[in-house]
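Below is one structure; the comments refer to it alone.
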Amino acid sequence: MNSPQLKLRGVRKRYASVTALRGVDITLAPGGSLAILGPNGAGKSTLLRVMAGLAHPTAGRIEFAGGKHDRGQVGYLGHATLLYPELTARENLIFAGRLYGVNSPQARADQLLAEEGLGEVAERRVGGFSRGMAQRLSIARARVHSPKLLLLDEPFTGLDEPAAQRLTERLTTLSAEGHGLVLTTHEISRAARLARSAVILVDGTVQESIDSDAMSEAELRAAYARALEAAP
Amino acid sequence: MNVALAILWKDLVSEWRSRDRVVAMLIFSILMAVVFHFALPDQDPEALRALTPGLLWTAYLFAALLGLNRSFALELENDALGGLALAPGNRGWIFLGKAAANWVLISIVQVLTAGVFAVFYRVDLLPGLTGLASVVGLGTLGICAAGTLLAAMAVRTGFREVLLPVLLLPALFPILAGAVQGSMAAVAGRPVPFESLQLLFVIDGVYLIVAFLGFDYVLDE
């Protein structure tokens, strides 16, 4: 039997006097997709940063495919774009590719720019990009090394409807190809469409979880409402 | 190694386009040269020659502090520092890339500053140029090794502008001792004392190794 792609056991995270995560258990099957929902300040972004290897858990254990955490297997999109404003779009992707040891970063950068519809602005500096363009480039950056697991923190922020639609289709394709996917979002309909499992996080605790191949939007909305009611 | 080279390239391209750090460091260094020039009027040439290495290193040190502080502050924009921390492999290579970029940029400022000091104080630096370049290069390497590590530690605190000098200056005492002594000999046209170079080599090596190994923990939240 395959080891889970990602396994968190009793993960806690504390920043000075603030406890962001209070013992989170999550298991993601290989190629699985998970939506993390919850109100503002629930700890969703912290959980994703811990999963990405950006933040060390204060307590608990994280396993990646049965072994230690491997940053090279993870693609991460955060609230911030992780981009350099003085570099062009193409240079940002080539730089990210070189950080991850991508074989031909130039070719990969061109491929991703074309996929994100940013080919025409490839040589423009990112400092002049709109929020939506920067978000699309940031998504391309997260995919530059073809990671096995994508961690996306509110990936639809700043995207217009056509771009959001394109991203939904691309993520559906990546998921179908066997890439693991974990995303946080406030859009329950998109979460239901993209993910096969979900957890509702409230005040750093998993209040509800759904793991079903046929997770419906109605089921997810009901779980969300229950989680908010049950929260202290 | 590729990670270090990528970061070196990224920092130099970014600086070439923004000229953010070099201009700030250069203006500061020239300002110091001007202040010292007016503070030390009508000195005889020999006295000026003897004072120049100390004044030069004072300007180098504070200009370097300015540049080192900016080095990681720029990485905070868009959480680019998080993007670096996500890179697989040993984070020591990130340190080496940042330290190398700092060394190049600070060295550019030092060359220009030395020219300004030579003109203002009418000191001919050419006879001892090789020795002076060796001492300044090695001294700056130590400053960049310790400074890059400590700037990364200070950058996420709310008072990084104050914290970096407080942490860094005590660590630089042995480097400054060797660098100023060596520079005095070079400016006077004498061979650089072996002890000065030896001290700089040893301190540089220690700081580079400690920073390379310790950087993994510095970038963690």
Side-chain angles (χ1 to χ4, degrees), chain A residues 13-16 20 45-46 48-58 64 68-88 91-103 105 125-127 129 131 134-135 137-138 141-142 144-145 147 151 153, chain B residues 1-24 70-98 100-101 105 152 155-159 214-221:
Chain A
K13 181 65 185 174
R14 196 176 167 85
Y15 292 103
S45 296
T46 302
L48 237 61
R49 288 180 83 82
V50 168
M51 286 177 175
L54 273 174
H56 259 309
T58 311
F64 191 89
K68 281 176 69 176
H69 191 282
D70 181 358
R71 294 192 298 268
Q73 302 291 342
V74 175
Y76 171 76
L77 170 78
H79 276 187
T81 59
L82 314 185
L83 301 170
Y84 291 94
E86 296 296 341
L87 301 185
T88 67
E91 287 169 343
N92 263 290
L93 291 185
I94 291 171
F95 174 65
R98 291 177 71 189
L99 285 184
Y100 283 96
V102 172
N103 270 337
R125 289 192 205 174
V126 168
F129 274 23
R131 179 72 179 96
Q135 183 76 349
L137 185 61
S138 189
R141 188 200 185 281
V144 75
H145 54 301
L151 305 173
D153 197 357
Chain B
M1 188 65 180
N2 285 339
V3 168
L5 291 174
I7 290 169
L8 174 63
W9 169 83
K10 183 268 296 174
D11 269 19
L12 295 183
V13 169
S14 294
E15 181 58 28
W16 176 252
R17 289 176 186 166
S18 69
R19 291 178 178 84
D20 184 57
R21 276 185 278 170
V22 166
V23 169
R70 292 292 298 152
S71 158
F72 276 97
L74 294 170
E75 298 285 351
L76 288 183
E77 195 173 352
N78 299 333
D79 193 21
L81 190 57
L84 292 183
L86 282 169
N90 191 332
R91 285 172 174 161
W93 296 111
I94 298 173
F95 156 75
L96 273 189
K98 292 295 292 181
L105 295 176
V155 74
R156 282 191 173 124
T157 64
F159 40 93
F215 211 70
D216 206 20
Y217 305 99
V218 171
L219 289 189
D220 273 334
E221 286 180 14

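To find a chain, count down the sequence lines: A is the first, B the second, and so on, and within it residues start at 1. The figures that follow rest on heavy atoms only: side chains count, while hydrogens, waters and symmetry mates do not.
Nearest heavy atom pair, residue Asn78(B) against residue Pro85(A), reads ND2-CD, 4.0 Å. Taking both residues in full, the closest heavy atoms of Phe95(A) and Ala6(B) are given as CE1-O, 3.4 Å, listed atom of the first, atom of the second, then distance. Contact detail for Gly83(B) and Arg141(A): the closest heavy-atom pair is O-NH2, 3.6 Å. Residue Asp79(B) comes nearest to Leu82(A) through the heavy atom pair O-CD2, 3.1 Å, listed as atom of the first residue, atom of the second, then distance.
Arg21(B) meets the salt bridge (charged side-chain N to carboxylate O under 4.0 Å, His left out) test with Asp11(B), Glu15(B); sequence neighbours excluded. For the salt bridge (charged side-chain N to carboxylate O under 4.0 Å, His left out) test, residues two or more places apart in sequence or in another chain that qualify with Arg17(B) are Glu91(A).
Counting only N and O atoms by type, the side chains of Glu75(B) and Tyr84(A) include a donor and acceptor under 3.5 Å apart.
For Trp16(B), no part sits under 4.5 Å from any heavy atom of chain A, backbone or side chain. Both the backbone and the side chain of Thr88(A) come within contact range of chain B, judged by heavy atoms closer than 4.5 Å.
Taking chain A as the reference chain and counting heavy-atom pairs below 4.5 Å, the highest number among Val3(B), Ile94(B), Leu86(B) is found for Leu86(B). Per-residue counts of heavy-atom pairs under 4.5 Å with chain B were compared for Leu83(A), Leu54(A), Thr81(A); the largest is that of Leu54(A).
Proximity to chain B among residues 70-79 of chain A is limited to Arg71(A), Gly72(A), Tyr76(A), judged by heavy-atom separations below 4.5 angstrom.
Evaluation of the salt bridge (Lys or Arg N to Asp or Glu O under 4.0 Å) test over residues 81-93 of chain B, restricted to residues two or more places apart or in two chains, returns Arg91(B)-Asp216(B), Arg91(B)-Asp220(B).
Put simply, the side chain of Leu99(A) reaches to within 4.5 Å of the side chain of Ile7(B), judged on heavy atoms.
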